[in-house]
Amino acid sequence: MQNNSKNKKLISGQMLLFEFRNTIGNPYVHIFGVGMPVLMMIIITRAVAGEMPDGPMLSEAMTSVFLGIGALIPMATIFMGYGVSHAQELEKGIPQRLELFGIKISATLCNRILSEFIFMVIAFVIYFVAGYGFVGVETPRVSGAVLYMVCILLFSVILFCLAHAIASLLKKFGATYCVTMILYFVQMILGGMMGISYDNMPSPMQVAAKLLPVTYINRDFYTVWKGKHYDFVPMVQSYLLMGAVAGILLFVTLRRERRELH
């Protein structure tokens, strides 16, 4: 029994290392998940600083931009990065090979999401160092910082489920890359990160924007960051809706994968 337990731990450790190597070996996560958020944060805050006088309003605007752009990290590292990586593995038949060696899909998913989370933490450390170094982000309340981390983490889990489902349904690198890239930019546009704020959007776009968690992270999170009163109901509803869609798609794809393997 002890040997079996050790073997299970060894396999889990090897799988985690394998998945983490896959993650850091994916160029998309470095370009879109680390480089692009830092670059956009610096460029946009510099543009804002050039149009506003120094003062509390400028500090608030720059901190809001910083918090909003941070949502790009899970969108790129997990949603796009993992999605295209998983699609490549499906094309090569890697999940089937792992199943032949007794590695279950549930174990694979746990190792994958943990490896993605580790990389995302590293990306956020780099992002926050750059933010405090170049932008001068306002110091948050403890509650605000905790809530930001919780919201980003929940958003990341939803994106992971959605990315896995899309890749499993399409099973092709090109198609998965196309769909995830489109959805990535759709979230950026509706979330107000592409130069069009929520208030300036047409009514149909505002309706769609309200359904996305990224909208609230980009638009409202300065209030939470500073520990001020905030109505979380619309944000929670967007998380529940997106989570339900991702959960249903993941459940369908996992059942289909099990039938194909057996």
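Residue indices begin at 1 and follow the sequence shown. As the structure is a computational prediction, the values presented were derived from the model and not from experiment.
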Is there a side-chain contact between Leu72 and Met40, using heavy atoms and a 4.5 Å cut-off? yes
Can you see whether His86 engages Arg112 through a side-chain donor-acceptor pair at a distance of less than 3.5 angstrom? yes
Are the aromatic rings of Phe117 and Phe119 close, with centres under 6.0 Å apart? no
Crowding at CZ, Phe251 (>12 non-hydrogen neighbours, <6.0 Å): no
Criterion ring pair (Phe, Tyr, Trp, His ring centres under 6.0 Å) against Tyr148, the qualifying member of Trp225, Tyr216, Tyr222: Trp225
Looking only at heavy atoms, which two atoms of Ile78 and Ala163 are closest? And how far apart? O-CB, 3.9 Å
Looking at side-chain heavy atoms only, is the closest gap between Lys171 and Glu91 below 4.5 Å? no
Would you sort out whether Thr223 and Asp220 count as a side-chain hydrogen bond (donor to acceptor under 3.5 Å, both in side chains), showing the intermediate values? CA-CA 6 Å; Thr223 302; Asp220 300 337; over 6 Å; no
Take Phe160 and Tyr82 through the ring-ring contact (aromatic ring centres under 6.0 Å, His included) test and state the conclusion after the steps. CA-CA 7 Å; Phe160 180 87; Tyr82 170 71; 4.5 Å; yes
Any chance the side chains of Glu89 and Asn22 put a donor and an acceptor closer than 3.5 Å? yes
Ring pair (Phe, Tyr, Trp, His ring centres under 6.0 Å) pairs, two or more places apart, involving residues 40-60: none
Cluster question for you: counting only ILVMFWY and a side-chain heavy-atom cut-off of under 4.5 Å, with indirect links fine, are Leu39 and Val34 together? no
For Tyr198 and Leu190, what are the C-alpha separation, side-chain angles and deciding distance, and is it a side-chain contact (heavy atoms from CB on, under 4.5 Å)? CA-CA 7 Å; Tyr198 174 84; Leu190 294 177; over 6 Å; no
Minimum heavy-atom separation for Ala71 and Ile217, please, with both atom names. CB-CG2, 4.1 Å
Hey, could you give me each pair passing salt bridge (charged side-chain N to carboxylate O under 4.0 Å, His left out) that has a residue in residues 129-149? Not counting sequence neighbours. Glu138-Lys226
Are Met235 and Lys210 packed together at the side-chain level, in the sense that at least one heavy-atom pair is separated by less than 4.5 angstrom? no
Are the side chains of Phe155 and Ser238 in touch, meaning some heavy atoms are under 4.5 Å apart? no
Is Tyr127 close to Phe66 at the side-chain level, that is, under 4.5 Å between some pair of heavy atoms? yes
